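The structure presented is a predicted model; accordingly, all values stated were derived computationally and were not measured. Ligands are counted one by one from 1 in listed order, and the atoms in each one are counted from 1 as well.
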Amino acid sequence: MNDTASGKDVGAPVRAAAALAISMVLGPGRTLDAALADSRVQQLGASSPAATQALVYGSLRFGLRLVAAVQTLLARPWEQQAPELRGLLLLGLYQLEYGDVPPHAAVSTVVGAARLIGQAKAAGFVNAVLRRYQRERVELLARADAVLANAKAHPQWLVNAFQRDWRRGIEPMLEANNEQPPLWLRANRRRISAADLADRLTRAGHEVSLCEFAPDALRLALPVDVRHLPEFVDGLCSVQDAAAQLAVPFLGMSAGHRVLDACAAPGGKTGHLLEADVELSGLVAVEFDSSRASRINSNLVRLGLKADLRVADASRTKDWWDGVPFDRILLDVPCSGTGVIRRHPDIKWLRRPNDIATLAAKQRALLAALWPLLAPGGRLVYVSCSVLRAENADLIAGFLAGDHGAVDVTAQVTAQTASLPEAPGPGPGYALLPGAKDTDGFFYACLERS
Ligand SMILES: C[S@@+](CC[C@H](N)C(=O)[O-])C[C@H]1O[C@@H](n2cnc3c(N)ncnc32)[C@H](O)[C@@H]1O
């Protein structure tokens, strides 16, 4: 890989950083963000953090296809190989198949990287596997690609779950999951409209388009590091996918409403709720992870906004609720993240089939605990960035069948939002699949208390 900033080959240390980060995801199961933030990874990749990141994302995005192809070349199954070896192999295979350096350089720099991460003994093995892959890649890939999950680099259990939930047409979603996501911004409408921000960014040389259904959203064709964007630093905008920006219009807040933002960190939606042009009587944000809760504060400081933040388990309402009902509740549940795989390709490697039932149990518990806090006639918007029905429509259907006095008003609410993509399947709630309008996959259910 060439470092596009310098035009120079970034060499073995960056490969070593990338292989190490990949091995941390594949071995101990660290998240991609945590692996990239590791001090050894940062040290080795210091000459080009962007190139390190690109190699790690690419390898994890397409790796399951490559592993399926190379499996027959290994004496022991892939999972039984040492994590560092898997990191080196995956990186080498990714470079050979998708990289932009000549094959001999792809192989030799990965072999050099092996030495830098203390895997000198493995260098010969890595070299041999990569060279054999180079010679036999056409047949190896043809055999692997005969299976849809391999061809689209997804775990088989997840493809089965997508097929069960969405039947036909999952290929566009699988392909969207492998794309590099665009950068969506949200204009801080207290300070600037999306159209004016788009003008300003266009004049600064960015290629910008507005979103037809999320009024505050704008898309930058070429992602940038927002820390260098004056409009971001000054609090005129935030980074947020257009699909995530539907929570605020779907809540339908009015002046005087008391609003609860449950599961609030890192505060993307908290900021949007406060930017909306509505004088609320109060906004309570609850988050149980204290380090993530501090990110809500820093985001709000940048935007010049304030919320009543409580660090607590939202489902243990006795610990934090003052007994005054809420007119609106935003419940943005912890979920499998299967709608945001393009932003977090590590999800393909880290999620396990059993996680889904565990997550659904947590989601149900949060919904059951928070529902009684809603004032009669009030609205709760349940949100997830999952595309699995077990965490979404099935869970909401189960809740609606209970004796909670809950009415699903999602269809009426979505009908008031122009140009929304058509729902891909029957309700309750409303789903957006990844890639439908270049957004992440999200699920919304708008429930009112009768
Ligand atoms: C999907 S994220 C929320 C994203 C956030 N609403 C935003 O827009 O930036 C879910 C959050 O819920 C938090 N969480 C999970 N279970 C919780 C609970 N029982 N009580 C409070 N927060 C919880 C997680 O720590 C995580 O920060």
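Among all non-hydrogen protein atoms, the one lying nearest atom 1 (C) of ligand 1 is V333 O, 3.6 Å. For atom 16 (N) of ligand 1, the closest non-hydrogen atom on the protein side is F288 CZ, 3.4 Å. Of all protein heavy atoms, the one closest to atom 20 (N) of ligand 1 is A314 N, 2.8 Å. The protein heavy atom nearest to atom 19 (N) of ligand 1 is D313 OD1, 2.9 Å. Considering only non-hydrogen protein atoms, atom 10 (C) of ligand 1 sits nearest to D332 O, 3.7 Å. At the shortest separation from atom 12 (O) of ligand 1 among protein heavy atoms lies C263 CB, 3.1 Å. In terms of protein heavy atoms, atom 9 (O) of ligand 1 is closest to G268 N, 2.8 Å.
In this structure, S384 falls outside the shell of residues with a heavy atom less than 4.0 angstrom from ligand 1. The shell of residues lying under 4.0 angstrom from ligand 1, judged by heavy atoms, excludes D261.
Under a 4.0 Å criterion applied to the non-hydrogen atoms of A264, ligand 1 contributes the atoms 5 (C), 6 (N), 7 (C), 9 (O). Below 4.0 Å from some heavy atom of A312 lie the following atoms of ligand 1, by number and element: 20 (N), 21 (C).
Of the options K269, Q240, E287, the smallest heavy-atom separation from atom 25 (O) of ligand 1 is shown by E287. Considering each of A244, P266, A265, the one bringing a non-hydrogen atom nearest atom 2 (S) of ligand 1 is A265. Summarising the contacts of atom 27 (O) of ligand 1 with K362, R292, R310, the nearest heavy atom is found in R292.
Defined by atom type and a distance below 3.5 Å, a donor-acceptor pair is missing between the side-chain atoms of T31 and D346. Between Q156 and N160, the side chains place a donor N or O and an acceptor N or O closer than 3.5 Å (distance only, hydrogens not considered). N297 and K306 are not linked by any side-chain donor-acceptor pair at a separation below 3.5 angstrom, with hydrogens and angles left out of the test. In the model, Q363 has no side-chain atom that pairs as donor or acceptor with a side-chain atom of S384 under 3.5 Å. In this structure, a donor-acceptor pair under 3.5 Å is present between the side chains of S291 and D289. In the model, R65 has a side-chain atom that pairs as donor or acceptor with a side-chain atom of Y98 under 3.5 Å.
Atom CG in D216 sits 11.5 Å away from atom CG in L185 (nearest 0.5 Å).
The neighbour count for Q163 CD, taken as heavy atoms of other residues, nucleotides or ligands under 6.0 Å away, is above 12. Within 6.0 Å of atom CD in E422, 12 or fewer heavy atoms from other residues, nucleotides or ligands are found, so the atom counts as exposed in its surroundings.
Checked against a 3.5 angstrom limit, the closest N/O atoms of L366 and ligand 1 fall outside it.
Under the 4.5 Å side-chain criterion, counting only non-hydrogen atoms from C-beta, R61 is not in contact with E179.
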